[in-house]
Every structure is written in structure tokens, then in C-alpha cells.
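One structure is given here, and the rest of the page talks about it.
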There are 2 protein chains.
Amino acid sequence: MNTPMITVPQTQRPVRERILEAAEAVFAESGYEGATVTDIAARAGLPKSNLHYYFGTKEALYEAVLFNTLSMWDDAFQVLRAERDPAEALAECIRLKMDLSRKRPNANKVMTGEMLQGAPRLNTFLNTTLRDQVAQSMAVLNHWIELGKMDAVSPMHVLLSIWAMTQQYADYNPPIKALLEKEELEERDYDAATDAIVQLVLRGCGVPQATA
Amino acid sequence: MNTPMITVPQTQRPVRERILEAAEAVFAESGYEGATVTDIAARAGLPKSNLHYYFGTKEALYEAVLFNTLSMWDDAFQVLRAERDPAEALAECIRLKMDLSRKRPNANKVMTGEMLQGAPRLNTFLNTTLRDQVAQSMAVLNHWIELGKMDAVSPMHVLLSIWAMTQQYADYNPPIKALLEKEELEERDYDAATDAIVQLVLRGCGVPQATA
DNA sequence: GTCTATATTCAGATAGAC
DNA sequence: GTCTATCTGAATATAGAC
């Protein structure tokens, strides 16, 4: 029952992290222009002048949120490796990407908001890093196709489809909740969606699945 | 070559339409909060006080854009009718929805922006009209399944997948352009995407396709 | 119905004490 | 590093002439 004096109470975590977390939530709820530094500061429990002290401008804080988010997406697609079984690798990729929509919906929403505005702050990233990352995943799919483990589908369209179907569960939560007649989605809703997407992709690509 | 005096020049189309068109573009580019009445007025070629005269508030103008957009989405899914051939009906539905992403990207972006914010202005619609519309489409898919024309997939997840994959071509245009290394997507890019999505859905649902 | 000019509010950013 | 108080610009909305 004694609280160790050494552990740092949650309200005293590093200030930068608290600010970034609050910014992710507020930018997601209100968009870049709609979010106010005052709101973010209130959510982080700080006066707004502190945000300017740590990040300079609202824009710089926003970009910090964006690039923090980008790194998470890549992890999901990195599981697509040539030596793996296509069914297992694709299923894991879909599950990881869906987990991000479930556990970090705000991060996903902020990124979608940036895309809607033409992604002016991501131009370089999209045309360099992202392009390389996707090219690698496409090469893996092409490898599977050459080995006859997969039908001759268009790798880029398959990857984009996985991206879109999983992203929807973060961005389009309101209509999905309405269709399921629920106040909030539960874990089993995400699991059911994941299963449906996995089945659609695997069968759509002619990838044999384990029947278990 | 003579211009009939009776036709109305484009710059003098009904004022309300000009305002709505300008609003759709500006709200799409900047989001609800980021858009300014001044910008919309400039794009429509009017002083901003006129927008207040016609629509009252910025919010009312925004809602007019939203509900104008909602009606377009339903049209695409109305082609799913029980008496039709599943392959043809699903392909047409996907093509119509993709046409909207191509021809009316701004309308789609405004709607996605509203979804990101939790769709506060669409709550009633989502829980009444939309739910009924989707229930009808789901019934059609269930009918096809009972007739053995389709595998026992989850109708709701299939419909959501079509929605997501086509929506992506409006909302996520920047990364798609980057991957295709193009300044703007061309009609054949949308056609190729439509074909890929149709193939994925039909094969994923076990719907026999014409081999032509 | 259409415009100019203005009232009012609130945002991002900063100054300067502690 | 952290806070209070304040500056400055820009947004929505309106008043009122034409």
C-alpha cells in the first residue's frame, strides 16, 4: 500500500509527452484549424504559454503529431516478408493495421485530416519514404505471385484496399456504430471486421487458407 | 455560333448554387473551422454579407453541403436489387461509387471531415435513414446468399468494404498520386482501381464472373 | 437583393515576473 | 521552466445605405 517515492506519478510524466498526447486528441476531434492551443493546453493541464515554450508554434506541434503517427503505419506492413506464408502474413498485416484503428483512432484521424487537405506537410515523405516502403511490400506480393502462391492480382491495389478497409474503422466510426446500433464498438466488433476483411482479401487474391 | 440570349451565362447561375459549389470546395480544402466565409464568398464572386443573407450562418451553409452530399451516396447502392445478377449489380455499385470519388471529390472530403469529428450534425440521419438504406442492401445480399449465388459472407462487412475502398480515392488522393508518381490521377487510373476492387469483391464473395 | 463599413469575439503568440 | 497578463490579427456576423 505504500506508494514508492521513486516512481513518477502519471500526472508528472514528461511534459512533452503529455502535450503530444493531448494534441493528438484535440487535433483529431477538431481538425488542425479547429483545434486551439488553449484546448490542447487545458487537456494537458498546462497554461498555453508552455506549449509555445516546448514546440514554438501550433504548426510545429501538429507536425510532431503527424510524423509520430506515420511511423506506426509502417510497422503493420513490415510483416509482409517474402519468406513467409502469404495467408499468415496478410492476415497478420490486416490485424495489426486494424489494431491501430482500434487503439489509436486519434492518430489515424489526424492523418486522414491532413490527407483531406492535400497533405501539404507530407509531400516529401510521400514521394520518398512511403514510396520506398510500399515498393518493398509490392515486391513481396509479386514474389508470391511468381511462386504461384497467389493469383496475378495488382499488388498496389491489394495494399491500398487493406489500408482503406482498416482505416475506415477509425475515420468512419459514427456510421459503423449506427449500423451496429451501439454506443461504442467492442473488441469483438473489431475482431469480426478483421476476420471479414482477411477472408475478403485472401479469397479475392486466390490465397489458400487454413480451414481450421 | 450565335449564343442564345435566353441561356443564363455561367457566372449568373442561381446564386444559391454558386455559393454551395464554392462552399463545397472551400470546406473540402480547409475543413469546417479552417474554411472562412470570406474565402467562400471570394470563390463565389460575392461579398460575404450575401452568404449570410442566403444561408444565415456558416454552420447552416455547411449543413446544406453535407445533406446535399448524402443523397448522392445512396444512389450508388440503390442499384443492388434482388432480381439482378450479383456480379453485374455489385460491379455497377462499385463503379458508381468510384465515379463519385472521381467527379465529386470535394463532396466526399467534406463528409469524411464531418465523420472525423464524430458526425455531430448527422446523428439523426445515421440512426434512421442510413440504417434503413443499408438494411435494404443487406437484405439483397442475404437473398443472393440464400439462392446460392454468393458465399455466406457478412453483408454489412462487404458493403462497408466497398464504401471504404472507393472512398479512399477521394480522401487519400495524395499518397495514391505519390505511389503512381503522377501529378493528377487520370481516368484510366480510376478504371484500373475499379477493376481491381470489383475483382477483389466478386472473388472474395465467391460470385461467378463473366470470363469475357 | 446587394453592397460597405463596422462591431465583437477569440485565436496564436509574446513579455516579463517569479 | 513555469506562470499571468497582454498584444495583435483575423474571423463571424450585423447595421444600414443604396
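All heavy atoms count here, side chains included; hydrogens, waters and symmetry mates do not. Just so it is clear: chains get the letters A, B, ... in the order the sequence lines come, proteins before strands, and each one is counted from 1. This is a predicted model, so every value here is computed, not measured.
- Nucleic acid contact for B/Ala41: none, since no nucleic acid atom lies under 4.0 Å from a heavy atom of the residue.
- Of the two residues contacting DNA chain C, namely A/Asp39 and B/Pro47, the nearest-nucleotide position lying further toward the 5' end is that of B/Pro47.
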Residues 33-46 of chain B, side-chain donor-acceptor partners within the protein, below 3.5 Å, at least two apart:
| unit_1 | atom_1 | unit_2 | atom_2 | d |
| --- | --- | --- | --- | --- |
| B/Thr36 | OG1 | B/Asp39 | N | 2.9 |
| B/Thr36 | OG1 | B/Asp39 | OD1 | 3.3 |
| B/Thr36 | OG1 | B/Asp39 | OD2 | 3.1 |

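- Taking B/Ala107 as the reference, B/Glu24, B/Thr69, B/Met72, B/Arg104 meet the side chain to side chain contact (heavy atoms under 4.5 Å, CB included) condition, with sequence neighbours excluded.
- Taking 4.0 Å as the cutoff to heavy atoms of chain A, we find the contact window on DNA chain D bounded by D/dG1 to D/dT4.
- Shown here are the side-chain hydrogen bond (donor to acceptor under 3.5 Å, both in side chains) partners of B/Glu186, two or more places apart in sequence or in another chain: B/Lys182, B/Arg188.
- In this structure, B/Glu88 has no side-chain hydrogen bond (donor to acceptor under 3.5 Å, both in side chains) partners at least two apart in sequence or on a different chain.
- Every residue was checked against the side-chain hydrogen bond (donor to acceptor under 3.5 Å, both in side chains) condition with B/Arg95, not counting sequence neighbours, and none meets it.
- Residues from residues 49-61 of chain B lying near DNA chain D, meaning a heavy-atom separation below 4.0 Å, are B/Ser49, B/His52, B/Thr57, B/Lys58 in numerical order.
- In this structure, B/Lys97 forms no cation-pi arrangement with B/Tyr169, as its terminal cationic atom is not both closer than 6.0 Å to the ring centre and no more than 45° off the ring axis.
- Sorted by first and then second residue, the ring-ring contact (aromatic ring centres under 6.0 Å, His included) pairs with a member in residues 182-205 of chain B form an empty list; sequence neighbours excluded.
- Residues in residues 107-117 of chain B take part in these salt bridge (charged side-chain N to carboxylate O under 4.0 Å, His left out) pairs, two or more places apart or across chains: B/Glu114-B/Arg121.
- A salt bridge (charged side-chain N to carboxylate O under 4.0 Å, His left out) check over residues 171-180 of chain A, counting only residues at least two apart or in different chains, returns the pairs A/Lys177-A/Glu184.
- Each end of the helix from C/dG1-D/dC18 to C/dC18-D/dG1 gets its own axis, taken as the rotation carrying the C1' atoms of four end pairs onto the next four within a five-pair window, and the two axes meet at 0° to the nearest 10 degrees.
- Taking atom CD of residue B/Glu33 and atom P of nucleotide C/dA11, one finds them 10 Å apart after rounding to whole Å.
- Taking the ring-ring contact (aromatic ring centres under 6.0 Å, His included) definition, one finds that A/Trp163 meets it with A/Trp73, B/Tyr172, sequence neighbours left out.
- Between B/Thr38 and A/Lys48, the residue whose closest nucleotide on DNA chain D is further toward the 5' end is A/Lys48.
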